[in-house]
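Comments concern the structure below.
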Amino acid sequence: MSTTRPYPPGDRGHEPSGASGMPGAAGEGAPAGAATASVTGAGAPSAPPSGSDGGGAGPGRGRQLRRLELQGASGVVPLARDFTRQALYDWGWLPAASADQRAAAEDVLLVVSELVTNACLHAEGPDELALACDNKVIRLEVTDGGTGQPAPRTPHRAGRPGGHGMFIVQRLCLDWGVVRAQGRPGKTVWAELGAPA
């Protein structure tokens, strides 16, 4: 697993499948302190969770994309988890039909929590959460204005409090990395997880 890539989010090189990334920044110009959501893709309208699969990201659905503006918002970790949970319902990951599917959805929620928490602790808070899902991969991106370089703590000491966030991300994800913004301070920390079988 890599911790950085020499190309921006969404440019997966020669890989023909997977989430195709998220260009641009939604919510630009939104007032500070306001959390706003933007939804694009085949399943754009958001509906409350129900007993059905919510019209998941099946073969005919294409890539699903959602963005949540977090800059200046309070309670960003639960806000990001709730936003992600709703997307998982809408994309058919929840309600889970099996223990493996439930575990996959919980992994996504845990990684979102860790990435947003890291931005809170080390980068003065996240600016945006972006989610993209296709038939095989869900991609999570947290953008912040920080200059630090996230990395798993080495050596990892499981018995000590704190310092586990990026270790958890590294263990649960297919891949993850950091892309620096060009022409402005900040970065995007991204992670990709496999869709449930």
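Quick note: numbers below take in every heavy atom, side chains included, and nothing from hydrogens, waters or symmetry partners.
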Could you check if a side-chain atom of P126 sits within less than 4.5 angstrom of a side-chain atom of V76, using non-hydrogen atoms only? yes
Check whether the side chains of N118 and E114 place a donor and an acceptor atom closer than 3.5 Å, and report yes or no. no
Correct closest heavy-atom pair for R102 and A96 would be N-CB, 3.3 Å
Any side-chain heavy-atom pair of L193 and L140 under 4.5 Å: yes
Look at the side chain of R81 and the backbone N and O of L109, then say whether any donor-acceptor pair between them is shorter than 3.5 Å. yes
For residues L131 and L65, determine if any side-chain heavy atom of one lies less than 4.5 Å from a side-chain heavy atom of the other. no
Distance, nearest 0.5 Å, that separates CD of E124 from CD of Q71: 11.0 Å
How long is the gap from CG on D90 to CZ on R85, to the nearest 0.5 Å? 13.0 Å
State whether E69 and R67 are salt-bridged, where the test is any N-O pair (Lys NZ or Arg NE/NH1/NH2 against Asp/Glu carboxylate O) under 4.0 Å. no
Taking every heavy atom of D144 against every heavy atom of K187, the minimum-distance pair comes out as OD1-NZ, 2.8 Å
Report yes if some heavy atom in the side chain of E192 is under 4.5 Å from a heavy atom in the side chain of W176; otherwise report no. no
Do side-chain atoms of Q101 reach the backbone of A97 as a donor and acceptor pair under 3.5 angstrom? yes
Closest heavy-atom contact between C173 and A191? SG-CB, 3.6 Å
Sequence neighbours left out, what passes salt bridge (charged side-chain N to carboxylate O under 4.0 Å, His left out) with D127? Give chain and number order. none
Just wondering, do R66 and W91 contact through their side chains at under 4.5 Å, heavy atoms? yes
Contact between I138 and L88 at the side-chain level, heavy atoms closer than 4.5 Å - yes or no? yes
Taking 4.0 angstrom as the limit, do D134 and R139 come out as a salt bridge? no
Looking only at heavy atoms, what is the nearest atom pair of W93 and C133, with distance? NE1-SG, 3.6 Å
Among residues at least two apart in sequence or on other chains, which ones pass salt bridge (charged side-chain N to carboxylate O under 4.0 Å, His left out) with D100? none
Exactly one of V189, L129, T188 clears side-chain contact (heavy atoms from CB on, under 4.5 Å) with E141, and that residue is T188
Quick one: pull up CG in L94 and OG1 in T84 and give me the separation to the nearest 0.5 Å. 11.0 Å
Any non-hydrogen side-chain atom of D175 less than 4.5 Å from a side-chain atom of W190? yes
How about E128 and L70: do any of their side-chain heavy atoms sit closer than 4.5 Å? no
Measure the spacing between CG of L115 and SG of C120 and express it to the nearest 0.5 Å. 11.0 Å
